[in-house]
Amino acid sequence: MSAVIGCSPEEAVAQLKQGNPVALPTETVYGLVAPLLDEDTILKVYTFKQRPLNNPLIVHVLDERQLNQVAYAGTQATKLVNVFWPGPLTLILPKKPSVPPIVTAQQSSVAVRAPNSSLFRNVLALLGSPLVAPSANKFQQVSPTCAQHVMDGMGDTLSYILDGGPCSLGIESTILSLLDEQHPTLLRYGPISKESIEDVLKQSVHMPPADTNDHATKLCPGLFKKHYSPHTSLYLVDKLQGFKPPQHLEQQFNQQSAHVFFTRSNRILTGKEFYLTKNEDLAEAAANLFALLQHLDQCHFKSIWIEKVPHRGIGCAINDRLNRAAHERFL
Ligand code: AMP
Ligand code: MG
């Protein structure tokens with residue numbers, strides 16, 4: 001089978017009703033979706049992605065009414081929903097019994113967000129029920145930020161890809177756990193910063209201890225050390241300007257390698273040099289990141305050397321993805 005790329009929310013709904021997962025655009029990345037109560041189609045989502053069943057899915061809802069069908073939202077959750085939804089903030093909340101265990105990897109909590117993409121919201125409205133949606137790529141690979149990436153990665157298993165153009169944000173949602181409302185905990189960096197959540201909650205947001213990946217994995221199954229990886233080996237460095245690789249990697253660094261800069265300089269770019277953004281703009285860098293990694297994979301470089309971006313706002317999310325995508329780090 002080869003997927004059809006189209007622009008019809010009605011066709012996406014028709015496919016879902018026939019038990020076929022479809023790919024839909026969101027403002028973050030493209031998602032592979034199935035109806036919340038359709039366990040057979042949800043199982044196909046895991047299978048198509050080759051995603052382990054212990055890696056729970058995010059439930060995508062239209063509004064607060066649908067949120068209340070799937071989770072128990074307290075006062076802190078309601079404050080955040082009022083400010084950031086629809087948008088790229090996923091909340092981990094106690095789940096209601098109606099949510100099938102396959103969605104939450106048997107946990108008593110559920111991840112929920114309301115996406116801001118109008119096509120996705122059209123599908124939710126036409127279907128009249130929430131959808132589950134992980135990113136529409138194979139497990140641990142680069143997330144898709146346009147319809148063609150979905151086609152390249154999973155076109156042979158899907159029937160329909162709804163094309164909404166390139167994703168405006170290009171990086172996955174921020175994940176915040178509110179299981180203990182006294183201790184909100186940031187589980188994944190994303191477009192909504194820790195500081196902006198703290199401003200709304202009037203309370204500090206905790207981070208899982210950075211040194212113990214095991215601990216973070218228990219809180220947030222699926223938050224693997226390796227993730228978002230292009231096929232080409234990726235090396236993360238502090239600054240590329242003046243970078244000297246260790247001796248055993250000199251050849252790798254100098255030959256058939258792509259160098260990706262964040263910081264502008266007056267250099268004239270050679271064919272192997274790329275910028276994540278034209279004007280050191282973090283939002284633009286986030287929107288370009290996965291598309292550039294996909295492009296560099298297709299150029300058949302032997303390695304990609306990329307520099308860290310400033311660690312503020314959405315820059316924290318970019319650095320987090322680069323850290324997980326990297327083969328080796330020189331920071
Ligand atoms: P993805 O769909 O690939 O963006 O990943 C969704 C991520 O949300 C998972 O990998 C988990 O890290 C996280 N997640 C989903 N549900 C839960 C939950 N109930 N508790 C904690 N983390 C969750
Ligand atoms: Mg993903």
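Each ligand, and each atom within it, is numbered from 1 in the order the structure gives. The figures here come from the full heavy-atom set of this structure, side chains too, leaving out hydrogens, waters and symmetry mates. Positions are given from 1 along the sequence.
Taking a cut-off of under 4.0 Å to the non-hydrogen atoms of Q107, the atoms of ligand 1 that pass are 18 (C), 19 (N), 20 (N). Counting the atoms of ligand 1 from 1 in the order shown, those under 4.0 Å from a heavy atom of A111 are 15 (C), 16 (N), 17 (C). Close approach of ligand 1 to I92 (heavy-atom distance below 4.0 Å) involves ligand atoms 17 (C), 18 (C), 20 (N), 21 (C), 22 (N), 23 (C). Atoms of ligand 1 found under 4.0 Å from any heavy atom of R188, numbered from 1 in the order shown, are 1 (P), 4 (O), 5 (O).
Using a 4.0 Å heavy-atom cutoff, K95 is absent from the residues neighbouring ligand 1. Taking a 4.0 Å cut-off on heavy atoms, T104 fails to register as neighbouring ligand 1.
Judged purely by distance below 3.5 Å, without hydrogens or angles, the side chains of Q182 and Q203 never pair a donor atom with an acceptor atom. Of the N and O atoms on the side chains of S159 and Q15, at least one donor lies less than 3.5 Å from an acceptor on the other residue.
Relative to the ring axis of Y72, K95 does not place its NZ or CZ within 45° and under 6.0 Å from the centre. At least one cation-pi condition fails for R329 and Y235: the charged atom is not both under 6.0 angstrom from the six-membered ring centre and inside a 45 degree cone around its axis.
For the side chain to side chain contact (heavy atoms under 4.5 Å, CB included) criterion with K49, the lone passing option out of M154, Q141, K138 is M154.
Residue F84 is not grouped with residue L169 when hydrophobic side chains (ILVMFWY) are merged at heavy-atom distances under 4.5 angstrom, including chains of intermediate members.
Relative ring orientation between W305 and F330 is described as parallel, the plane-to-plane angle staying below 30° on a 0-90° scale split at 30° and 60°.
Residue N55 touches ligand 1 through its side chain alone, judged by heavy-atom distances below 4.0 Å. Residue contacts with ligand 1, taken as heavy atom pairs separated by less than 4.0 Å, do not involve R113 at all.
Residue contacts to the Mg ion (ligand 2): S135 brings an N, O or S atom closer than 2.8 Å.
The shortest N/O to N/O separation between E172 and ligand 1 does not fall below 3.5 Å.
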